[in-house]
Amino acid sequence: MIDFGRAARLWWAPQRVREEGEQPDYRFSLANERTFLAWIRTALALVGGGFAVDQFLPDLRWGVRVGMALALLGVGAACALRAVNHWLRCEAAMRRGEDLPVSRFPVLLGVGVGLVAAVMVVVVLFGWTDGGP
C-alpha cells in the first residue's frame with residue numbers, strides 16, 4: 001500500500017530518499033534522472049501542443065478547440081506530476097534492492113495522446129470549423 005503522506009513529503013524533500021537502503025551504482029541513479037527528464041520533455045511538448053491548438057487553430061469550433069487544448073494540457077500536467085513520483089519511487093526501490101515499480105501511466109499517456117490525435121485527424125479530414133459542418 002502506498003503511504004501518500006510519505007510520498008508527498010519526499011516530493012519536497014528528496015534528500016530523504018537517501019535514508020532508504022544503500023546507495024546504488026551512480027549510473028543507475030543517473031539513468032533514472034535521464035528518464036525523469038524525458039518525461040518532463042514529453043510533458044512540455046504536450047503543454048506546448050495544448051497552447052498551439054488553442055492559439056493557432058482559431059477557426060475550429062470553440063468546443064472542439066478548447067476540448068483538444070484542455071486534453072493536451074491535462075495530459076501534460078499529469079505527465080509532469082507522474083515524472084516526479086516515478087523518479088522518487090524508482091530511486092527508493094533501487095536503494096532498497098527491490099524490483100522497480102511498474103506503472104499503467106505509459107499506457108494511459110499513449111491512449112490519451114492517441115485519442116487527441118484521432119480527434120485531430122477527424123478535424124483535418126472534415127474541416128470542423130465554425131463555418132463548416
Side-chain angles (χ1 to χ4, degrees):
M1 178 131 190
I2 297 172
D3 178 3
F4 290 106
R6 184 176 180 281
R9 285 189 302 275
L10 282 176
W11 279 35
W12 305 108
Q15 67 275 9
R16 287 187 177 179
V17 82
R18 290 184 177 171
E19 297 169 5
E20 302 282 336
E22 298 178 13
Q23 176 72 30
D25 185 331
Y26 72 91
R27 292 173 291 183
F28 297 122
S29 291
L30 292 174
N32 189 29
E33 187 172 324
R34 284 191 300 273
T35 302
F36 166 77
L37 293 172
W39 281 99
I40 293 297
R41 284 191 301 272
T42 301
L44 286 170
L46 289 164
V47 168
F51 279 115
V53 165
D54 185 55
Q55 295 298 308
F56 299 118
L57 300 175
D59 293 335
L60 281 182
R61 287 187 181 164
W62 182 86
V64 173
R65 187 184 79 232
V66 169
M68 287 190 313
L70 288 177
L72 287 168
L73 291 168
V75 172
C79 189
L81 295 173
R82 181 67 178 125
V84 175
N85 191 48
H86 190 71
W87 173 79
L88 282 169
R89 289 176 60 211
C90 285
E91 194 67 27
M94 287 188 298
R95 292 174 93 46
R96 287 188 231 118
E98 298 174 354
D99 290 340
L100 294 179
V102 295
S103 173
R104 290 186 185 101
F105 189 77
V107 172
L108 296 173
L109 178 63
V111 169
V113 171
L115 288 174
V116 172
V119 169
M120 289 180 169
V121 166
V122 169
V123 168
V124 168
L125 289 176
F126 297 105
W128 214 350
T129 63
D130 280 332

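Remember, predicted model here, so these are calculated numbers, not experimental data.
Taken to the nearest 0.5 Å, the OG atom of Ser29 stands 5.5 Å off from the CD atom of Gln23. Annotation: the span from Leu46 atom CG to Phe51 atom CZ amounts to 12.5 Å, rounded to 0.5 Å. Atom CG of Asp54 is separated from atom CG of Leu70 by 8.0 Å, given to the nearest 0.5 angstrom. To the nearest 0.5 angstrom, Glu33 atom CD is 9.0 Å from Glu91 atom CD.
Residues Phe36 and Val84 form a side-chain contact, since some pair of their non-hydrogen atoms from C-beta on lies under 4.5 Å apart. The side-chain heavy atoms of Val47 and Leu72, taken from C-beta on, include no pair separated by under 4.5 Å.
For Asp25, the side chain to side chain donor-acceptor pair (under 3.5 Å) partners two or more places apart in sequence, or in a different chain, are Arg27. Residues passing the side chain to side chain contact (heavy atoms under 4.5 Å, CB included) test with Leu108: none are found, sequence neighbours excluded. Ala71 is linked by a side chain to side chain contact (heavy atoms under 4.5 Å, CB included) to Val116, counting only residues two or more places apart in sequence or in another chain.
Heavy atoms only, all atoms of each residue included: Ala83 and Ile40 are closest at CB-CD1, 4.0 Å. The two atoms that bring Arg89 and Val102 nearest to each other are NH2-O, 3.8 Å, heavy atoms only. A pairwise comparison of heavy atoms in Arg65 and Val53 identifies CG-O, 3.5 Å as the closest pair. Summarising the geometry of Trp39 relative to Cys79, their closest heavy-atom pair is CE3-SG, 3.3 Å, with the distance given to 0.1 Å. The shortest non-hydrogen separation linking Asp99 to Ala93 is O-CB, 3.6 Å. Shortest non-hydrogen contact noted between His86 and Pro101 is CE1-O, 3.9 Å.
Put simply, Val75 and Val107 are part of two different groups of oily side chains (I, L, V, M, F, W, Y) that touch within less than 4.5 Å, one to the next. Under a hydrophobic-cluster definition in which Ile, Leu, Val, Met, Phe, Trp and Tyr are linked whenever side-chain heavy atoms come within less than 4.5 Å, directly or via other members, Met94 and Leu88 are assigned to different clusters. Trp87 and Leu30 fall into different hydrophobic clusters, defined by Ile, Leu, Val, Met, Phe, Trp and Tyr side-chain heavy atoms under 4.5 Å apart, directly or through other members. A chain of hydrophobic side-chain contacts below 4.5 Å, direct or via other Ile, Leu, Val, Met, Phe, Trp or Tyr residues, connects Leu37 to Leu44.
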Passes side chain to side chain contact (heavy atoms under 4.5 Å, CB included), Met68 versus Met120? Steps please.
CA-CA 8 Å; Met68 287 190 313; Met120 289 180 169; 3.4 Å; yes

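Ser103 and Arg82 are linked by a side-chain donor-acceptor pair at a separation below 3.5 angstrom, with hydrogens and angles left out of the test.
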